[in-house]
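Labels below follow one simple rule: chain letters A, B, ... track the order of the sequence lines, proteins then strands, and each chain is numbered from 1.
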Number of protein chains: 2
Amino acid sequence: MSRQKDNKSFRDIKAIVLERIQSGTWAPDAILPSESALVTEFGSTRTTVNRALRELAEEGYLERKRKAGTRVLRAPVRHARFAIPLTRVEIEGTGARYRYALIGAEMRDMPDWLRARLDLRGAARAAHVRALHYADGKPFQYEDRWIVEASVPEVAEADFSDTGPNEWLIERIPVSNVELSFMATRADQTVAALMDAPLGEPIFTAERLTWLRGQPVTFARLHFAPGYRMTTRI
Amino acid sequence: MSRQKDNKSFRDIKAIVLERIQSGTWAPDAILPSESALVTEFGSTRTTVNRALRELAEEGYLERKRKAGTRVLRAPVRHARFAIPLTRVEIEGTGARYRYALIGAEMRDMPDWLRARLDLRGAARAAHVRALHYADGKPFQYEDRWIVEASVPEVAEADFSDTGPNEWLIERIPVSNVELSFMATRADQTVAALMDAPLGEPIFTAERLTWLRGQPVTFARLHFAPGYRMTTRI
DNA sequence: TAGTGGTCTAGACCACCCG
DNA sequence: GGGTGGTCTAGACCACTAT
């Protein structure tokens, strides 16, 4: 049979199923009809029905188990998805003018807390780079980053005067693993001075740890200007 | 041809392609071979190759366009994914004992800032519920929530003494839209007292706005105990 | 206009797991 | 044991868009 107007695409099926969940037709904990039953109802094939249900499960609405069937989740396990763009892109995306300023960059032995954090034994050298990102002339983000020399040897000769260390890294290192944390910290002297904020001001802070194939590449602490909100719609 | 040992599953293909991206075999901006070329290389069918590439694109590694082909993204648009569980589930997941305490609940007219936030015109009543969630006897999260009566009429008779308002809501309302924000705030008198923290302490705070089919349902502000980190691996 | 990805049909085998 | 979802093959038509 060729594709008819009344046949349902996987998007149609997703929409119909979601509507039935949200309207309560299929209440939490209810078991949906099997794929083959839905194939009959929607007049499509298992491939299509399967894709619709699989995606709804990925989105946290359904739980699927062989033999047990497809169940409507009581509390949809919603996942917040945050895009993690380059700071420059994030700023330009709001229509603001981006400016970058290097505060300092030097090669150092890594402090103990950082070696512990990166799970590195023995001494290791790293570039310690500090920089400010401005939006429309106002401080937007203070970046305090370490780049492990063993993983990125060219870092010893890198020049960060014009390009942020993150953009520099992205040109060279395809990342494989990232651990990302968000927290609220207190503005210390450095941050307060750079952000033009009172000492002790609550600062939205992100920590980012990056590995390439098991090797630690970089650790960054990103301090956002007071009032920053990270927002997403799900 | 039946499935042979040397045939590749879509997972195999994903892994191989990802390895080629991360090793630089397929550098940023490079165009991958077309699906049919990969079908020849991997000895599978387009359905399988397509699923592998489609998922890698969803994960932010590739960009796909008809006719233009599949391109390796320079800066992988990585997405942090945070599971948003019930507070009780989050606490119990760490192995800690969960305890809930209601602080106050009453029906009120919504304040102006909230009506603006929910895009509601005219007066509207809502339940204002405040509650504390404990982990192993220590304050973990202070929840300050408004529930719109027009969207959930039963809320006027609800009893939140034993069950948190979030769990209560989930039993009744399948959500459709959520806006989630994270920020750093300063502990005010209420939060400081409840969290046993100094006034002005930086507090990791989440705001959550929920709609059902365009109707605002609830607005919650969740204040986490000092030191809270939200972490994810991507 | 030609080549690429997007999606569908039709059918099949299999892994898992509940009863 | 048997029903369910997981995934694959083989082939097809179509939509988009770079050239």
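Residue A:Thr48 places at least one side-chain N or O under 4.0 Å from the OP1 or OP2 atom of C:dT9. In this structure, B:Asn50 does not reach the C:dT7 phosphate: none of its side-chain N or O atoms is under 4.0 Å from OP1 or OP2. For C:dT7, the OP1/OP2 oxygens have a side-chain nitrogen or oxygen of A:Arg11 closer than 4.0 Å.
The aromatic rings of A:Phe204 and A:Tyr228 sit tilted, their planes meeting at an angle between 30° and 60°.
Atom CZ of A:Phe10 is separated from atom C1' of C:dT9 by 15 Å (rounded to the nearest Å). The distance from atom CD of A:Glu58 to atom P of D:dT7 is 10 Å, rounded to the nearest whole Å. Rounded to an integer number of Å, the gap from CG of B:Asp12 to P of D:dT7 is 12 Å. Here the C1' atom of nucleotide D:dT4 and the CZ atom of A:Arg54 are 16 Å apart, to the nearest Å. Atom CG of B:Leu62 and atom C1' of C:dG5 are 13 Å apart (whole Å). As rounded to whole Å, 14 Å separates atom C1' of C:dC8 from atom CD of B:Glu35. At whole-Å resolution of the value, CD1 in B:Ile13 and P in C:dG5 are 14 Å apart. For the pair A:Leu53 CG and D:dT7 P, the interatomic distance rounds to 14 Å; values are reported in whole Å.
Once rounded to the nearest 0.5 Å, the distance linking OG1 of A:Thr25 with CD of A:Glu19 reads 6.0 Å.
When the nucleotides C:dT9, D:dG5, D:dC8 are ranked by their closest atom to the side chain of A:Arg64, D:dG5 comes out on top.
Checked for salt-bridge contact, B:Arg64 and B:Glu35 meet the test: a charged N lies under 4.0 Å from a carboxylate O. Between B:Glu143 and B:Arg130 there is no salt bridge, since no side-chain N of the basic residue sits under 4.0 Å from a carboxylate O of the acidic one. Using a cut-off of 4.0 Å between Lys/Arg side-chain N and Asp/Glu carboxylate O, A:Arg208 and A:Glu179 are scored as not salt-bridged.
For A:Tyr134, there are no ring-ring contact (aromatic ring centres under 6.0 Å, His included) partners two or more places apart in sequence or in a different chain.
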Would you give me the side-chain donor-acceptor pairs under 3.5 Å for residues 147-157 of chain A, sequence neighbours excluded?
residue, atom, partner, partner atom, Å
A:Ser151, OG, A:Pro216, O, 2.6

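Across all strands, A:Ser34 comes closer than 4.0 Å only to sugar-phosphate atoms, never to a base (heavy-atom distances). A:Thr70 comes within 4.0 angstrom of the backbone, heavy atoms only, and of no base.
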Check your understanding: Tell me, for nucleotides 11-19 of chain D in 5' to 3' order, what letter each nucleotide earns: B for a base near a protein heavy atom under 4.0 Å, S for only sugar-phosphate near one, - for neither?
Key -> BB--BBBB-
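Place A:Gly69 and B:Thr45 on DNA chain D by their nearest nucleotides, and A:Gly69 ends up nearer the 5' end.
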